[in-house]
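Numbers for residues simply follow the sequence, beginning at 1. Quick note: numbers below take in every heavy atom, side chains included, and nothing from hydrogens, waters or symmetry partners.
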Amino acid sequence: MKRTGQTDPSFSLPALFGRGIDVARDLARDFARDLSRDFSWDVSRDDARPGFGRAGAGLGAIGPISRESAFHAPFEKSIGPAGKTAMPVPQKLVTDFRAYSGIRYKDALPPDPDGLVLGRLGALEVRLARTARDVRRAQRLRYKVFYEEMSAVPDGPARLARRDMDSFDAICEHLLVLDHDAGKMVLGRRKPKVVGTYRLLRQDVAQRHGGFYTQGEFDVNGIIAAHPNLRFLELGRSCVLKPYRNKRTVELLWHGVWTYILRNKIDAMFGCASLEGTDPAALALPLSFLHHNALAPDEWRARAVDGRHVSMDRMAKAEINPKAALQALPPLIKGYLRLGGFVGDGAVVDYQFGTTDVLIILPVSVISPRYVEHFGPTANRHAI
């Protein structure tokens, strides 16, 4: 796959124009297919769309949603009062357009414009996205990491825009790490470069807009129902530009998350974390290590959705070399484990992103005290 910075000796304007026509044709075909399917859906039937749960059942109203369909139809069923069945087609189209443009719903915007900056470390700054342009910059970074560097396969809209996006972008807050010493000069001023990002979705916002992204892979309804007095936060779409993948940047990113947790009184976090590759047999060592050493207790254990569940118990515990298993785990997952996090029951293969995903659950109450002390009880370690 072509990487950023490479030149294409075969570039020609007619070829580029032809490619644009091909992409536009694919988009039009997909749009017509989805629109036809939406208009033909009989909303009076609970089982009208396979994979979705019964409407009007609180958090249980949301059933599995595949990542592949996330851009087109992530909010087909809604959480809320009984009788609320589906987002109307015009509203769904508006949500998709918002995600494409970077425009968010009002309840996904930071409440305090003066509190956007969460911390600084030298030339690096961590803050919340303020504008639609900020969101698009986060999407551009995600595309560079997931599609150009790694093995994710873009759909038509992503390929055309050169941005990783889905409709959840319209209801999430986006954490950005900026490098003020890098970036382009614009009108005599340097525009900071986005080098890291994290996507945050609060439970109250998810409830108003159709549920969590994670529900496409794991049934988290049970753990939420088991803790009705806790405030949950979904973490996702984490990535850092390759030259910045070091302790300094990751620590600042986590400082931003911790500050956000304190400000919003979050009690528990969850989200999908990925191991590279789509062959669970080849990942038997790290998956089995997680199953035997980090499986969540019953009250925090969420299972991969039916039809996508892949067993993580692929090796006996006695056969596992812990040191080798830890080396095989991605740094992000090891970081969650050090904080005290658990994993859910089963993994899910995501062919679009070329990964095998596990569910991470991290109640704030179990975070190791030494890490709380490291960032400070008031998140002031890297405060301004």
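- If you look at Phe270 and Phe212, their ring centroids are closer than 6.0 Å.
- If you run salt bridge (Lys or Arg N to Asp or Glu O under 4.0 Å) between Glu148 and each of Arg159, Arg162, Arg140, only Arg162 comes through.
- When all heavy atoms of Gln215 and Asn221 are compared, the closest pair comes out as NE2-OD1, 2.7 Å.
- Arg237 and Tyr213 share a side-chain donor-acceptor pair at under 3.5 Å.
- In terms of modelled atom types and a separation under 3.5 Å, the side chain of Asn246 and the main chain of Arg248 share a donor-acceptor contact.
- Looking only at side-chain heavy atoms (C-beta outward), Phe342 and Pro363 come within less than 4.5 Å of each other.
- Contact annotation: the side chain of Tyr198 approaches that of Val257 to within less than 4.5 Å [non-hydrogen atoms, C-beta and beyond].
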Starting from the C-alpha separation in whole Å, work towards a yes-or-no answer on side chain to side chain contact (heavy atoms under 4.5 Å, CB included) for Arg208 and Ile171. CA-CA 10 Å; Arg208 288 192 291 270; Ile171 65 171; over 6 Å; no
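- Taking every heavy atom of both residues into account, Ala132 and Ser101 meet most closely at CB-O, 3.7 Å.
- The main-chain N or O of Val305 is never found under 3.5 Å from a side-chain atom of Asp219 such that the two would form a donor-acceptor pair.
- Of the possible polar contacts, none joining the His291 side chain to the Lys317 backbone as a donor-acceptor pair under 3.5 Å is found.
- Between the OG1 atom of Thr259 and the CG atom of Leu118 there is a distance of 5.5 Å, given to the nearest 0.5 Å.
- The nearest pair of heavy atoms linking Leu141 to Gly196 is CD2-N, 3.4 Å.
- How far CD1 of Ile360 is from CG of Leu332: 7.5 Å, rounded to the nearest 0.5 Å.
- With hydrogens and angles ignored, the 3.5 Å screen pairs a side-chain donor or acceptor of Thr197 with a backbone N or O of Leu175.
- The distance from the NE2 atom of His292 to the CD1 atom of Ile320 is 4.5 Å, given to the nearest 0.5 Å.
- Side-chain polar atoms of Asp357 and Thr355 form a donor-acceptor pair below 3.5 angstrom.
- One hydrophobic cluster, built from ILVMFWY side chains closer than 4.5 Å, holds both Phe168 and Leu359.
- Among all heavy-atom pairs drawn from Tyr143 and Ala158, the shortest one is CE1-O, 3.3 Å.
- A donor-acceptor distance shorter than 3.5 angstrom exists from the side chain of Gln139 to the backbone of Ala99, with no hydrogens or angles considered.
- The main-chain N or O of Arg137 is never found under 3.5 Å from a side-chain atom of Asp134 such that the two would form a donor-acceptor pair.
- Figure legend: cation-pi geometry between Arg98 and Tyr105, with NZ or CZ positioned under 6.0 Å from the six-membered ring centre and within 45° of its axis.
- Interatomic distance, OG of Ser151 versus CD of Gln352, reported as 10.5 Å (0.5 Å rounding).
- Residue Leu230 is grouped with residue Val366 when hydrophobic side chains (ILVMFWY) are merged at heavy-atom distances under 4.5 angstrom, including chains of intermediate members.
- Distance alone, capped at 3.5 Å, is enough to place a donor-acceptor pair between the Ser311 side chain and the Asp313 backbone.
- Ion pairing of Glu173 with Arg263 is absent here, as no side-chain N (NZ or NE/NH1/NH2) approaches a carboxylate O to less than 4.0 Å.
- Nearest heavy-atom pair across Val348 and Ala304 is CG2-CB, 3.7 Å.
- Atoms CD1 and CG, from Ile261 and Leu235 in turn, are 6.5 Å apart once rounded to the nearest 0.5 Å.
- Side-chain contact check for Asp279 versus Leu283: every heavy-atom pair is 4.5 Å or farther apart.
- Annotation: side chain of Val310 is not in contact with side chain of Thr356 (no heavy-atom distance under 4.5 Å).
- No chain of hydrophobic side-chain contacts below 4.5 Å, direct or via other Ile, Leu, Val, Met, Phe, Trp or Tyr residues, connects Leu176 to Ile103.
- At least one side-chain heavy atom of Leu329 sits less than 4.5 Å from a side-chain heavy atom of Leu337.
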Worked verdict on Arg301 versus Ile223 for side chain to side chain contact (heavy atoms under 4.5 Å, CB included): CA-CA 7 Å; Arg301 190 177 305 172; Ile223 62 173; 5.7 Å; no
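- In terms of heavy atoms, Glu299 sits closest to Ala226 at O-CB, 4.2 Å.
- Both Leu200 and Val145 sit in one connected hydrophobic cluster of ILVMFWY residues. Membership requires side-chain heavy atoms under 4.5 Å apart, directly or through other members.
- A donor atom on one side chain and an acceptor atom on the other are found under 3.5 Å apart for Asp107 and His209.
- Contact check for Leu124 versus Leu178: no side-chain heavy atoms found under the 4.5 Å cut-off.
- The backbone N or O of Cys272 lies less than 3.5 Å from no partner atom in the side chain of Glu217, so there is not a single donor-acceptor pair.
- Annotation: side chain of Val364 is in contact with side chain of Met269 (closest heavy-atom distance under 4.5 Å).
- Within the 3.5 Å criterion, the main-chain N or O of Leu241 finds no donor-acceptor partner in the side chain of Lys144.
- Of the possible polar contacts, one joining the Arg163 side chain to the Tyr100 backbone as a donor-acceptor pair under 3.5 Å is found.
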Please step through side chain to side chain contact (heavy atoms under 4.5 Å, CB included) for the pair Val117 and Glu125, ending with a clear verdict. CA-CA 7 Å; Val117 178; Glu125 174 185 86; 3.9 Å; yes
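- A distance of 10.0 Å separates OG1 in Thr278 from CD in Glu276, rounded to the nearest 0.5 Å.
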Output, in order, the C-alpha distance, side-chain angles, deciding distance and verdict of side chain to side chain contact (heavy atoms under 4.5 Å, CB included) for Val358 and Leu287. CA-CA 9 Å; Val358 297; Leu287 289 177; 3.9 Å; yes
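- Note on Phe232: it clusters hydrophobically with Val343, by side-chain heavy-atom contacts below 4.5 Å among ILVMFWY residues.
- Between Leu295 and Met312, the closest side-chain pair of non-hydrogen atoms is not below 4.5 Å.
- Between Tyr147 and Phe353, the ring planes are tilted. Angles from 30° to 60° get that label.
- The pair Asp164-Arg199 does not meet the salt-bridge criterion, since no charged nitrogen lies less than 4.0 angstrom from a carboxylate oxygen.
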